[in-house]
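The figures here come from the full heavy-atom set of this structure, side chains too, leaving out hydrogens, waters and symmetry mates.
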Amino acid sequence: MNIVLCGFMGSGKTTIGRVLARYSGYEFVDMDNYIEEHQEMKIPDIFERYGEPEFRRIETQACRDLGAGDGRVIATGGGALLKEENADALRKNGTIFFLDPPFDAILSRLRASKVPRPVIMGKTDAEIRAIYDARIGAYARNSDVRMTLSAPPQEFALAILHRAGLR
Ligand code: S3P
C-alpha cells in the first residue's frame, strides 16, 4: 500500500510525509525530488527551459512510476492531483489524502519558504488566493480522504495513519 499526500503548495505535504514515513516504516518519496533526480535538473529550470506543459508530462510519468510501487509515503507536487489521470495512477496501490489546512496557514508557510515555486513566483497574496480557489475543487474531487484539521505535523500524521488503518 502507498499513502499519497496531495494539496496546494505549502500545505505541509513534505513535512507531514516525512513524519508519516518515520511512524509507518514506509519509504518517503517527494515527487519533486524524484523528478529532479530523474531529469537531472531543478524544477524551476525545467519550467524555464521546456515550459509548464512539458513539466506536467514528466509529472504524469512520475505519478505512473510511483503509483506502481508499494510501501511508500508519496508527497506529490501541488499540481499533480489536478489531473484525474494522475490521481488514478496514484490510487492504484494507495489512498490519496488531501491536506487542507486554512489558507492563511498555507500563505504564511509559502512566504517563509525558500523553495523556488515557478507557479507563484512574483504573485501577490490575492493572486495566490485565486490559484488556490481555482484548484481546491479538483483536490477534493481527485482525493479519497480530505484532512481539514489544523494541527502540528505529528498530530496530522497520526490522524492520517489512523485513517489509513495503520494505527
Ligand atoms: C507546483 C508545485 C510544486 C512543484 C511545481 C509545480 C504546482 O510542488 O511541483 O513547482 O503547480 O502547484 P510543491 O507543492 O511541493 O511546492
Side-chain angles (χ1 to χ4, degrees), residues 1-24 26-38 42-44 46-47 55-56 58-60 62-67 69 71-84 86-91 93-121 128-129 131-164 166:
M1 180 176 105
N2 292 317
I3 298 177
V4 181
L5 306 181
C6 81
F8 200 69
M9 294 160 273
S11 60
K13 302 181 293 282
T14 302
T15 309
I16 292 165
R18 285 190 196 285
V19 179
L20 259 173
R22 208 168 55 232
Y23 287 173
S24 62
Y26 284 19
E27 180 196 2
F28 175 70
V29 183
D30 181 273
M31 190 177 285
D32 288 338
N33 286 347
Y34 177 87
I35 290 173
E36 289 182 336
E37 277 167 23
H38 276 247
K42 292 286 175 195
I43 302 283
I46 301 175
F47 268 75
F55 171 75
R56 297 301 172 195
I58 294 167
E59 184 173 57
T60 293
C63 291
R64 289 196 197 116
D65 295 349
L66 294 173
R72 287 173 172 149
V73 174
I74 303 167
T76 62
L81 263 285
L82 300 175
K83 263 197 203 166
E84 200 180 340
N86 294 354
D88 290 343
L90 289 165
R91 190 179 290 111
N93 291 330
T95 305
I96 305 176
F97 291 87
F98 166 26
L99 306 192
D100 185 24
F103 179 72
D104 285 353
I106 288 180
L107 194 60
S108 46
R109 262 203 296 265
L110 286 176
R111 290 304 183 205
S113 166
K114 289 193 178 68
V115 176
R117 293 179 162 100
V119 174
I120 56 165
M121 211 137 57
I128 296 174
R129 173 85 214 202
I131 300 171
Y132 169 87
D133 286 342
R135 286 180 167 195
I136 206 92
Y139 296 137
R141 236 184 356 263
N142 291 331
S143 59
D144 303 310
V145 185
R146 185 173 187 164
M147 305 293 294
T148 50
L149 83 162
S150 170
Q154 286 77 2
E155 235 174 273
F156 220 115
L158 283 176
I160 292 172
L161 276 187
H162 188 72
R163 288 298 300 262
L166 293 175

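- With rounding to the nearest 0.5 angstrom, the CZ atom of R56 is 8.5 Å from the NZ atom of K83.
- Among all heavy-atom pairs drawn from G94 and D144, the shortest one is O-OD2, 4.2 Å.
- Looking at every heavy atom in both residues, T148 comes nearest to D100 through CG2-OD2, 3.3 Å.
- For the residue pair V29 and L66, the shortest heavy atom distance occurs at CG1-CD2, 3.9 Å.
- Surrounding CD of Q154 are more than 12 heavy atoms belonging to other residues, nucleotides or ligands, all under 6.0 Å away.
- The backbone N or O of R109 sits nowhere less than 3.5 Å from a side-chain atom of S113 that would complete a donor-acceptor pair.
- The line from OG of S11 to CE of M147 is 12.5 Å long, rounded to the nearest 0.5 Å.
- Distance check, rounded to the nearest 0.5 Å: CD of E36 to NZ of K42 gives 4.5 Å.
- The aromatic rings of Y139 and F98 lie tilted to each other, with the angle between the two planes from 30° to 60°.
- K13 and F8 make their closest contact through NZ-O, 3.0 Å (heavy atoms, listed as atom of the first residue, atom of the second, distance).
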Working for side chain to side chain contact (heavy atoms under 4.5 Å, CB included), residues I160 and L99: CA-CA 10 Å; I160 292 172; L99 306 192; 3.8 Å; yes

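- By the 6.0 Å contact criterion, CZ on R163 is open, its count of non-hydrogen atoms from other residues, nucleotides or ligands being 12 or less.
- Inter-residue side-chain proximity for Y34 and D65 is flagged as met; some heavy-atom pair is nearer than 4.5 Å.
- No donor-acceptor pair under 3.5 Å is formed between the side chain of N93 and the backbone N or O of N2.
- M9 CE to D32 CG: the interatomic distance, rounded to the nearest 0.5 Å, is 10.5 Å.
- Looking at T14 and D30, their side chains do bring a donor and an acceptor atom within 3.5 Å of each other.
- Separating the CD1 atom in I131 from the CD1 atom in I120 is a distance of 7.5 Å, to the nearest 0.5 Å.
- Side-chain atoms of L20 and L5, non-hydrogen and from C-beta on, do get closer than 4.5 Å to each other.
- Taken from CD in E155 to OG in S150, the straight-line distance is 9.5 Å, to the nearest 0.5 Å.
- Taking both residues in full, the closest heavy atoms of P44 and P118 are given as CA-CG, 3.9 Å, listed atom of the first, atom of the second, then distance.
- Nearest approach of A138 to L82, heavy atoms of both residues: CB-CD2, 3.9 Å.
- Under a 3.5 Å cut-off, the side chain of R91 and the backbone N or O of N142 do form a donor-acceptor pair.
- With hydrogens and angles disregarded, no donor-acceptor distance shorter than 3.5 Å links the side chain of R117 to the backbone of L110.
- Counting heavy atoms from C-beta outward, F156 and V19 have side chains that stay 4.5 Å or more apart.
- The shortest side-chain heavy-atom distance between I106 and P101 falls under the 4.5 Å cut-off.
- A donor-acceptor contact shorter than 3.5 Å links the side chain of N86 to the backbone of A80.
- In this structure the side chain of L166 reaches within 4.5 angstrom of the side chain of Y26, judged on heavy atoms.
- Residues L81 and L90 are in side-chain contact: their nearest non-hydrogen atoms beyond the backbone lie under 4.5 Å apart.
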